[in-house]
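A short worksheet on the structure shown next.
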2 protein chains.
Amino acid sequence: MAEHSGTGPGRTIPARATLGSVAARAGVSKQTVSNVINSPHMVREDTAAKVLAAIDELGYRPHRAAQQLRTRRSRVFALRVQNRFPDAVFDRFLHALTGAAGALDYRIMLYTADDDAGEITAYDELLDRWDIDGFVLTGTHPGDTRTAHLSRVGVPCVTFGRPWDDSGHHPWVDVDGAAGTRAATEHLVRQGHRRIGFLGWPDGSGVGGDRLSGWANAIRDAGLDLLPPSRAVNDAEQGRSAAAELIDRTHPTAIVCASDVLALGAISEITARGMNVGADVAVIGFDDTDISAVAGLSSLAQPLVDVAAHCARLLATLVENPSDSRPEQVLLEPQLVIRSSSAPVRR
Amino acid sequence: MAEHSGTGPGRTIPARATLGSVAARAGVSKQTVSNVINSPHMVREDTAAKVLAAIDELGYRPHRAAQQLRTRRSRVFALRVQNRFPDAVFDRFLHALTGAAGALDYRIMLYTADDDAGEITAYDELLDRWDIDGFVLTGTHPGDTRTAHLSRVGVPCVTFGRPWDDSGHHPWVDVDGAAGTRAATEHLVRQGHRRIGFLGWPDGSGVGGDRLSGWANAIRDAGLDLLPPSRAVNDAEQGRSAAAELIDRTHPTAIVCASDVLALGAISEITARGMNVGADVAVIGFDDTDISAVAGLSSLAQPLVDVAAHCARLLATLVENPSDSRPEQVLLEPQLVIRSSSAPVRR
DNA sequence: CTGTTAGCGCCTTCAT
DNA sequence: ATGAAGGCGCTAACAG
């Protein structure tokens, strides 16, 4: 633990470099060093060079806590972790977000909450004690009060997910589920399918309605029969029952599903009936999770790296330009990944 | 943004409470307030009561950056996010860890790195600028240099995963993979199986060898034939080929797998041969991921909540008692979750 | 363009 | 048991 900066034997472990030590080394004042870092335009070139050299030699890095104490900015974004993120894409998003934020020199701090109310309580502590600069919110849903609360206290936030009721004006990034199911449906039409069903979630989830609508509109545009969809909660067993019901009722040759889990339920049912997935009944899932790779399931991949990059960028912009124009909103298209479950219709 | 603490109309929004404002309110000095919080034993009861009342009325919370600037402690643990955590249990671990750390008043901050070298570079910045109190490391592997580095700089760390070569003495928490595959094997033996194969990963992963050994020892203890195992990288297609090879070569009635993904590959192969999973060939996976729930796959659930709680506890202990006795090491048993893929042997 | 002064909120040291 | 002074490292405001 002992540090020494002298010229004793062995390697010299530099004591912590501070603004002051850099200033002394460069023969200028602390303020000038600070200016070189924070307002480089207002310092003469030769002075800057001297200072930068000193910074380099000493391996100086500004101390966050000191900066934060002075500026009330932490360069930290907070993100809630849930035990089960909708669509099981959380870990990939998290990785991308940490990277994207890091590229802008922000860090991600995590918190947990049991529900929206608990989350709002958490904000207070996070803001009061940690000076969190902004929040990345996921899992937006109808009746969501979180963004309204944050906007009331004047704290920047961005949501991964559209606001499903027009609660205020904050920037958001989302994946266009409708475009995804439309692409899936059009792909199936091109494969020769004419009876294309939809296996979705119960009403009221926003995301579910979005994904359903893309299928429905594509069916209408193609002039096909709009087979009444079947619905189940996001569980393979429930999905299997719902698929059974859908098949009995509408005899589809292809099924577009709201999620990979539901799709796997459909696959189980199709297989159990002695039919061939792909050849007899095509299936397309959503989210391109491990499940789809493993099951040969065609699916829609969310562009999570881009989502994360936009989230970080929008939030950083908001933090750094508090009175920026109107909030930007980004809608990205998922990409159809074709596997064996969506073969051409059997002739 | 404007705050006022007067008694004007409307709700009073308290300006930020500080040690000073609490002291004024309670009619004591700042130092006494600090003592009430940090050294309650050395302050008279009535004084403490007064101060606590003031803290409560003002909603005072110590400001982390100020504490940190003074104490060089951040109350933050850092954790690396990888895009693919081994065994796809990362998000559940993360949630549990955030909660467990929060209960001890620590927060989790994330960082990324491309490899071990990049991670070690990241340490420097994290320590220098953020005063990170400790690191939770995952994905330990043979030849891991990270813990040695941290121990050299004297920074507390705990690993989720054993050190696979005896690199130093740090606390760790791990799940006993051998106990898991042993439990799976013994369960199959009780079901009447006599030819129980193993589908594992290629050599050299530590975790893979651990899981294999539990199966092998259980087989020996039961006096059964030790069918030479088959191996594949953690991919369903590879797993399927390896399962085919295993079945052709050893004709097992049950297969213990190193992961759910491999198990799903085995299931595909069994199904494709027109055999029944469970009745003809039983299969047991590892990790109890979404895949197993969806596929009716018996599997071994890792006690991630306990793992996380121990990680947080060990790290906090290390931070708060720098010269504690020898590092504690915790090995937890996974729990066998029985589903339809491990039915009794067909008579 | 550069230097000086002051203070963010807290805790450590010393005095009372 | 309580209070006063000082400083952690940095930057805002002003002076030169």
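So that the names make sense, note that chain A is the first sequence line, chain B the second, and so on, each numbered from 1.
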| message | Among dA4(D), dT11(D), dG9(D), which nucleotide has an atom closest to any side-chain atom of His63(A)? | response | dG9(D)

| Counting side-chain heavy atoms from CB outward, which of dT12(C), dC10(C), dT2(C) is closest to Gln31(B)? | dT12(C)

| task | Respond yes when some side-chain nitrogen or oxygen of Gln67(B) is under 4.0 Å from OP1 or OP2 of dC11(C), and no when none is. | result | yes

| remark: The residue, Lys30(A) or Met42(A), whose nearest nucleotide of DNA chain C is more 5′ is Met42(A)

| How long is the line joining NZ of Lys50(B) and P of dG3(D), in whole Å? | 8 Å

| message | Please evaluate residues Val158(B) and Leu137(B) with respect to the criterion side-chain contact (heavy atoms from CB on, under 4.5 Å), reporting the C-alpha separation (whole Å), side-chain torsions for both, the decisive distance (0.1 Å), and the verdict. | response | CA-CA 6 Å; Val158(B) 57; Leu137(B) 269 41; over 6 Å; no

| Atom pair distance, as rounded to whole Å: CD in Glu45(B) and P in dT2(D) | 11 Å

| Between dT2(C), dG9(D), dG9(C), which one does the side chain of Val43(A) approach most closely? | dT2(C)

| note | Rounded to whole Å, the CZ-P distance (Arg44(B) to dT2(D)) equals 5 Å

| Has Arg80(B) got its NZ or CZ under 6.0 Å from the middle of the six-membered ring of Tyr111(B), at an angle within 45 degrees of the ring axis? | no

| said: How many whole angstroms separate atom CD1 of Ile37(A) from atom P of dT11(D)? | reply: 7 Å

| field | Value rounded to 0.5 Å, distance of CZ in Arg162(B) from OG1 in Thr140(B) | value | 8.5 Å

| remark: When Leu69(B) and Asn35(B) are each assigned the nearest nucleotide of DNA chain C, the 5'-most assignment goes to Leu69(B)

| field | From CA spacing to verdict: salt bridge (Lys or Arg N to Asp or Glu O under 4.0 Å), Asp105(A), Arg75(A) | value | CA-CA 7 Å; Asp105(A) 203 19; Arg75(A) 300 204 76 88; 3.8 Å; yes

| task | Using atom CG of Asp128(B) as one end and atom P of dG9(D) as the other, report the distance to the nearest whole Å. | result | 11 Å

| request: Check every atom of dA4(D), dC11(C), dT2(C) against the side chain of Thr71(B) and return the nucleotide holding the closest atom. | output: dC11(C)

| Counting just side-chain N and O atoms, does Thr47(B) come under 4.0 Å of either OP1 or OP2 of dT2(D)? | yes

| task | Rounded to the nearest angstrom, tell me the gap between atom CZ in Arg70(B) and atom C1' in dC10(C). | result | 7 Å

| query | Taking the side chain of Thr32(B) as its heavy atoms from C-beta onward, which of dC11(C), dG3(D), dT2(C) lies nearest to it? | reply | dG3(D)

| query | To the nearest Å, how far apart are Leu19(B) CG and dC11(C) P? | reply | 6 Å

| Tyr123(B) OH to Phe135(B) CZ distance, which is reported to the nearest 0.5 Å | 6.5 Å

| request: Please state whether the phosphate of dT11(D), meaning OP1 or OP2, lies under 4.0 angstrom from any side-chain nitrogen or oxygen of Ser34(A). | output: yes

| Rounding to a whole Å, what distance do you find between Arg72(A):CZ and dA12(D):C1'? | 14 Å

| Are OP1 or OP2 of dC10(C) and a side-chain N or O of Gln68(B) less than 4.0 angstrom apart? | no

